Protein chains: 4
Amino acid sequence: MSSNFGTLFRISTFGESHGGGVGVVIDGCPPLIEISAEEIQVELNRRKPGQSKITTPRNESDLCEIVSGVFEGKTLGTPIAILVRNKDARSSDYDEMAVKYRPSHADATYDAKYGIRNWQGGGRSSARETIGRVAAGAIAKKILNQVAGVEIIAYVKSIKNLEAIVDEHSVTLEQVESNMVRCPDAECAQKMIDLIDDIRREKDSLGGVVECVVRNVPKGLGEPVFDKLEADLAKAVMSLPATKGFEIGSGFQGTTLTGSQHNDEFYLDEQGNTRTKTNRSGGIQGGITNGENIVLRIAFKPTATIGKEQNTVSKEGEETTLAAKGRHDPCVLPRAVPMVEAMVALVLCDHLLRHHAQCNLIKN
Amino acid sequence: MSSNFGTLFRISTFGESHGGGVGVVIDGCPPLIEISAEEIQVELNRRKPGQSKITTPRNESDLCEIVSGVFEGKTLGTPIAILVRNKDARSSDYDEMAVKYRPSHADATYDAKYGIRNWQGGGRSSARETIGRVAAGAIAKKILNQVAGVEIIAYVKSIKNLEAIVDEHSVTLEQVESNMVRCPDAECAQKMIDLIDDIRREKDSLGGVVECVVRNVPKGLGEPVFDKLEADLAKAVMSLPATKGFEIGSGFQGTTLTGSQHNDEFYLDEQGNTRTKTNRSGGIQGGITNGENIVLRIAFKPTATIGKEQNTVSKEGEETTLAAKGRHDPCVLPRAVPMVEAMVALVLCDHLLRHHAQCNLIKN
Amino acid sequence: MSSNFGTLFRISTFGESHGGGVGVVIDGCPPLIEISAEEIQVELNRRKPGQSKITTPRNESDLCEIVSGVFEGKTLGTPIAILVRNKDARSSDYDEMAVKYRPSHADATYDAKYGIRNWQGGGRSSARETIGRVAAGAIAKKILNQVAGVEIIAYVKSIKNLEAIVDEHSVTLEQVESNMVRCPDAECAQKMIDLIDDIRREKDSLGGVVECVVRNVPKGLGEPVFDKLEADLAKAVMSLPATKGFEIGSGFQGTTLTGSQHNDEFYLDEQGNTRTKTNRSGGIQGGITNGENIVLRIAFKPTATIGKEQNTVSKEGEETTLAAKGRHDPCVLPRAVPMVEAMVALVLCDHLLRHHAQCNLIKN
Amino acid sequence: MSSNFGTLFRISTFGESHGGGVGVVIDGCPPLIEISAEEIQVELNRRKPGQSKITTPRNESDLCEIVSGVFEGKTLGTPIAILVRNKDARSSDYDEMAVKYRPSHADATYDAKYGIRNWQGGGRSSARETIGRVAAGAIAKKILNQVAGVEIIAYVKSIKNLEAIVDEHSVTLEQVESNMVRCPDAECAQKMIDLIDDIRREKDSLGGVVECVVRNVPKGLGEPVFDKLEADLAKAVMSLPATKGFEIGSGFQGTTLTGSQHNDEFYLDEQGNTRTKTNRSGGIQGGITNGENIVLRIAFKPTATIGKEQNTVSKEGEETTLAAKGRHDPCVLPRAVPMVEAMVALVLCDHLLRHHAQCNLIKN
């Protein structure tokens with residue numbers, strides 16, 4: 001269904017931008033995982049609005065409450081419900097958007113589908129929905145790290161035509177968090193910040209590419225056919241707002257190589273492990289991890305809601321124009337970084353459990 | 001699970017390259033749809049090996065049997081099982097690959113995951129698995145066409161650096177099928193054929209991009225959050241063998257535009273319908289169709305199995321080399337075209353039923 | 001998964017007896033259904049503790065908050081989250097049960113499964129978990145009634161050896177609600193109340209049977225094989241705490257008849273509809289509704305938690321005795337009535353949507 | 001969906017009584033399980049028609065073919081497809097039933113739901129559909145036995161008013177298979193056989209109760225809320241044709257006891273294990289196994305299709321009579337025994353994998 005995700009490590013998000021709040025129910029989490037609201041808050045703070053001059057100034061502390069599923073600091077194995085209340089809602093900003101459809105936004109399609117929508121703050125199509133994903137992702141990350149030392153690091157790879165140089169093998173969370181645009185290439189980061197700041201003043205917006213690397217990946221995660229790991233990863237990140245493209249490993253560039261150029265030849269490392277000399281596969285072969293780094297990229301379009309005047313039509317079916325009020329991100333990329341990490345963590349944690357169920361039952 | 005796909009129009013594929021056969025069980029199909037083995041065969045023939053000099057010479061007629069679910073030419077509403085027997089298996093070609101892992105293929109990861117694999121013909125990782133998808137897709141296409149006149153047309157957009165010029169609004173199935181590479185740009189098609197024929201002689205392989213357009217799409221298909229239509233389409237096509245990337249609408253190129261350049265402004269057409277002047281959204285906004293054409297692109301890497309000698313390791317953990325025997329496609333793109341159409345049809349048919357269930361119940 | 005239920009009309013419950021609260025997320029609800037917290041509260045009040053002298057004296061108002069999914073009094077089609085806070089928790093009552101396992105309760109099995117449990121108030125195994133089911137059931141009932149005039153009425157059929165006489169065709173909600181034991185046979189009801197009151201004083205407990213009738217059932221709901229309607233109903237009610245048996249129509253008694261005695265012969269009623277003279281089928285044939293009343297019965301065992309001293313073992317593995325403190329129902333039946341109605345409503349609403357999706361698509 | 005069952009060990013059945021055949025696809029099976037068609041055939045032979053004078057004389061050898069998923073005698077971890085062809089179909093027997101609805105059968109409801117049905121042999125509602133379940137159950141049994149020594153034994157407990165005396169602790173498969181009615185109480189069995197033989201000559205039919213015991217059950221299987229083990233078992237067996245009731249442990253009789261009489265007191269056995277003195281819980285507490293024997297009973301109604309003339313209506317809406325031709329079981333119970341075992345095995349195997357995934361991940 002629309003708001004459920006995962007097979008064994010399964011989440012269900014709820015909530016609109018304005019209203020009682022947003023949150024998530026996580027079902028299938030292993031018991032006895034130590035987790036606190038504070039740990040989850042760290043990830044939510046990376047996602048929250050108002051964290052810098054290049055994000056929306058909406059002022060939400062996004063403080064989370066663990067309503068259920070955790071007892072004396074440990075998971076119970078039963079559903080973990082996490083709730084974040086909406087605070088700084090300014091519905092009046094949306095009065096005009098209640099009747100005029102924002103171009104390239106979800107307003108018109110929600111009305112076409114449901115015959116009703118909560119127009120305040122974009123309702124369910126708001127990026128606030130991702131709070132539940134990021135909170136759940138924090139727990140998934142912890143499990144992945146505890147079980148296998150898995151590291152998931154996403155960062156802004158490009159904004160418009162500015163492309164960063166990043167070494168996927170050595171990039172650190174500290175580098176990513178060292179600047180407000182979350183690009184570990186410091187020099188490029190400053191240019192990106194300036195560019196976003198400029199576009200903000202022009203009441204326009206920018207897009208870009210987020211890259212994500214996963215290190216210390218166990219071999220054998222993923223499934224052969226429909227639930228290939230790259231397929232589930234593609235769905236996961238393409239379900240984030242504003243995404244237009246997905247690549248794993250060599251991606252679209254890989255289509256210009258021949259097989260003999262593209263194939264990742266095998267060799268034995270010093271420990272006798274089967275490794276690949278190159279990693280155009282992006283860590284996945286035949287839908288299943290081979291132990292090399294998973295590398296993926298996601299294209300985010302420029303924010304649809306802009307202050308510039310645009311042609312549009314009204315709910316009542318009249319042509320009109322709209323210069324959107326409200327507080328919007330001139331570029332979603334910096335806040336998309338923790339969202340991407342969360343979605344990747346959710347997929348990997350689910351497949352970790354699935355693999356364990358099917359392939360480790362007999363050995364144990 | 002790995003081999004199930006869809007929520008309401010749901011398929012389950014089975015079978016390995018060599019062995020009893022391959023097929024599919026389709027559950028949830030509406031009753032009273034007229035369907036015949038002949039209609040399904042038309043699509044299977046577009047997918048089958050040996051259809052031209054640029055595909056694998058393996059000679060399989062891929063004749064399908066409808067085992068259940070159809071009675072007196074109409075669907076019963078109960079599961080439709082379709083079976084295709086394997087005929088022209090030459091397992092001896094694979095003796096070497098039983099012990100040596102093909103670079104960038106699924107051999108090593110299957111062994112890592114399961115501790116066993118059917119090495120004959122690639123087993124479950126063979127493209128023969130897609131027979132079930134294409135057969136099910138034929139039925140999905142028929143339902144989509146019958147209910148809403150939906151047209152799904154995929155074609156080869158590029159091979160290596162050769163890129164075709166195709167008008168998504170006017171391209172026809174006849175144009176696609178008019179040449180063996182399934183590229184509707186006749187001039188470019190010939191260059192592609194020549195290039196593939198050259199690489200085949202070099203025992204190497206090529207990749208490229210398949211583009212797919214869907215016309216006459218009903219408004220309102222898709223869901224707001226995890227099951228956004230673009231997310232489900234991404235998963236669907238990224239679950240095909242050899243895929244490395246996915247784009248919807250403006251894709252990665254769209255990240256270089258500003259919001260005011262990228263947004264699709266609304267207008268009213270002569271019938272008073274809300275339409276968009278441009279279609280960078282690719283027919284989907286907020287996860288839900290807006291009635292414009294759906295346009296997507298998929299990157300296929302060059303075929304991993306090649307006759308050229310490559311470095312690899314053996315199952316027993318020794319470094320060695322492999323020049324693969326067997327009959328393999330020098331380029332999967334021409335046969336990937338019906339596979340892409342099938343996966344897109346399966347997603348849309350499933351969402352058509354889902355939308356009907358939730359949003360048309362009360363109106364009726 | 002454990003805490004998800006339904007295919008299209010899908011719920012996910014969360015929460016423990018003591019802690020932040022309990023609730024439900026409902027996904028897949030049709031849009032534009034008018035619903036208010038007050039309407040849901042009516043059902044929750046039938047379930048809440050402290051409503052009479054024969055239920056637990058725990059004093060919870062169980063006031064619900066609709067956190068999301070409803071806008072200006074109507075459903076949005078997106079997830080409806082409903083939250084009820086825990087108020088009157090007396091954890092100290094459970095100090096002894098933290099270390100001593102209650103016989104026939106979930107304490108020991110939770111510890112065996114998870115290695116941890118929230119022992120306060122029974123945690124997740126508490127009947128408070130059913131708050132989310134009852135709240136969701138209120139919405140399901142409304143949809144069923146709006147679409148097809150469906151009526152769902154459950155009542156206490158027996159307590160211990162006291163069995164009520166009830167006419168399934170004419171019994172009304174008013175009759176059920178006219179006494180605190182929810183038995184529409186007034187004479188028998190008083191005997192039941194006296195019996196429960198007696199057993200309460202003895203610090204013991206009682207069980208019984210709830211019967212449920214569904215009237216105005218549309219024909220065609222249910223599926224032929226695994227998701228036969230009676231199978232889904234059985235699962236639904238057997239997932240309620242303290243259930244030990246399920247019957248549809250003739251039930252176990254029907255096994256003593258011959259086929260010619262048991263079969264429901266068909267006839268045409270005055271409107272020319274195909275009807276059955278008898279209803280030993282309980283409204284379902286081959287897994288699918290035939291339009292006659294659905295009639296089912298559920299056995300509830302006597303409450304496990306009792307004040308009488310019993311032999312047991314401690315968490316540390318020592319034999320001991322336990323006379324349970326805390327506030328417990330001497331008989332769960334009166335409060336089980338709205339739970340049964342809710343589970344039946346959830347199953348029927350889900351199948352209504354499923355049937356509509358598959359079998360009404362083409363007609364429309 | 002209708003024809004899918006299970007979460008991790010997942011099956012999908014297909015096929016009608018007359019037509020190409022019937023079968024099953026099993027997805028999620030652990031790899032490296034040794035399995036042969038011969039082993040599966042043993043179970044199918046217990047289910048097949050024509051095995052004795054008290055079953056239908058339809059002569060089907062029901063020979064199974066493993067089409068995929070097994071390689072060199074071991075499971076691959078990928079889908080296992082099993083096919084049984086229909087041989088001895090006598091469609092002409094059903095000509096009358098093509099237009100006249102059998103009372104208490106699925107004919108009328110299938111027509112009401114789908115507007116079409118395969119009337120030959122009952123189509124999808126035929127007990128031949130259970131071939132796929134029994135085949136899959138054979139594999140599930142093997143896994144359960146291999147991992148934990150689990151034993152599943154079902155038997156006929158009663159036919160009409162004849163009730164057998166069986167000791168659940170000691171009953172053996174050999175005792176069950178020692179007579180054609182599958183009742184381990186030899187004396188009662190003979191009376192049952194005579195009674196069925198009599199009713200067969202009267203062109204009438206009989207029902208009864210199947211009891212099933214599971215021994216050596218691991219602790220901790222099952223889930224706390226909707227997927228309580230008894231709920232999933234109830235659904236599983238109530239999805240078998242002709243079922244009308246389900247009991248676990250004390251069942252309906254348990255409702256006449258008080259809590260102090262009903263509760264299973266704990267004690268420590270000689271090995272220091274927490275055990276219960278009695279087993280009214282039927283091996284499950286709070287939805288989760290406690291390691292005691294699982295004991296359940298299922299009510300099967302008398303076969304609906306009988307040779308005696310009955311009142312009915314035709315598809316065209318006219319009142320008429322029907323004395324059914326065709327070859328039918330005068331009592332389904334003897335052949336229901338392996339079906340019940342299969343469904344119980346499927347549920348337990350699925351929960352074994354689910355439990356392993358969630359609760360054994362961290363320990364390992």
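In what follows, every chain begins at residue 1, and chains take the letters A, B, ... in the order their sequences are listed. Predicted, not measured: the structure shown is a model, and the values here were computed from it.
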* Asked: Which answer fits B:T278, side chain, backbone, both or neither, if we ask what part of it has an atom under 4.5 Å from a heavy atom of chain A?
  -> neither
* Please flag which part of B:K244 lies under 4.5 Å from any non-hydrogen atom of chain A: side chain, backbone, both or neither. => both
Quick test of your reading of the model: are [X] and [Y] salt-bridged, counting only N-O distances below 4.0 Å?
| X | Y | answer |
| --- | --- | --- |
| A:E211 | A:R297 | yes |
| B:R275 | B:E292 | yes |
| A:R354 | A:E223 | yes |
| B:D107 | B:R117 | yes |

* **For chain B, which residues of residues 314-321 of chain A have heavy atoms nearer than 4.5 angstrom** => A:G317, A:E318, A:E319
Given a strict heavy-atom distance threshold of 4.5 Å, which part of [X] is in contact with chain B: side chain, backbone, both, or neither?
| X | answer |
| --- | --- |
| A:A304 | both |
| A:I248 | both |
| A:K277 | side chain |
| A:E129 | side chain |
| A:I199 | side chain |
| A:H262 | both |
| A:F300 | backbone |

Let's test your reading of the structure: which of [options] forms the most heavy-atom pairs below 4.5 Å with chain A?
| options | answer |
| --- | --- |
| B:E247, B:M343, B:E309 | B:E247 |
| B:G245, B:S158, B:A242 | B:G245 |
| B:T256, B:N311, B:V313 | B:N311 |
| B:L257, B:T303, B:L322, B:L240 | B:L257 |

* Heavy-atom pair with the smallest gap, counting every atom of B:L8 and B:D350 -> N-OD1, 2.6 Å
* Check whether any side-chain heavy atom of B:V225 lies under 4.5 Å from a side-chain heavy atom of A:R124, and answer yes or no. => yes
Side-chain donor-acceptor pairs of residues 231-239 of chain B under 3.5 Å, sequence neighbours excluded:
from: B:D232; atom 1: OD1; to: A:K235; atom 2: NZ; distance (Å): 2.6
from: B:D232; atom 1: OD2; to: B:H351; atom 2: NE2; distance (Å): 2.7
from: B:K235; atom 1: NZ; to: A:D227; atom 2: OD1; distance (Å): 2.6
from: B:K235; atom 1: NZ; to: A:D232; atom 2: OD1; distance (Å): 2.6
from: B:S239; atom 1: OG; to: B:R133; atom 2: NH1; distance (Å): 2.9
from: B:S239; atom 1: OG; to: B:A236; atom 2: O; distance (Å): 2.7

* Would B:D204 and A:S260 count as having a side-chain donor-acceptor pair, cut-off 3.5 Å? ->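 Distance-only check passes for B:D204 and A:S260.
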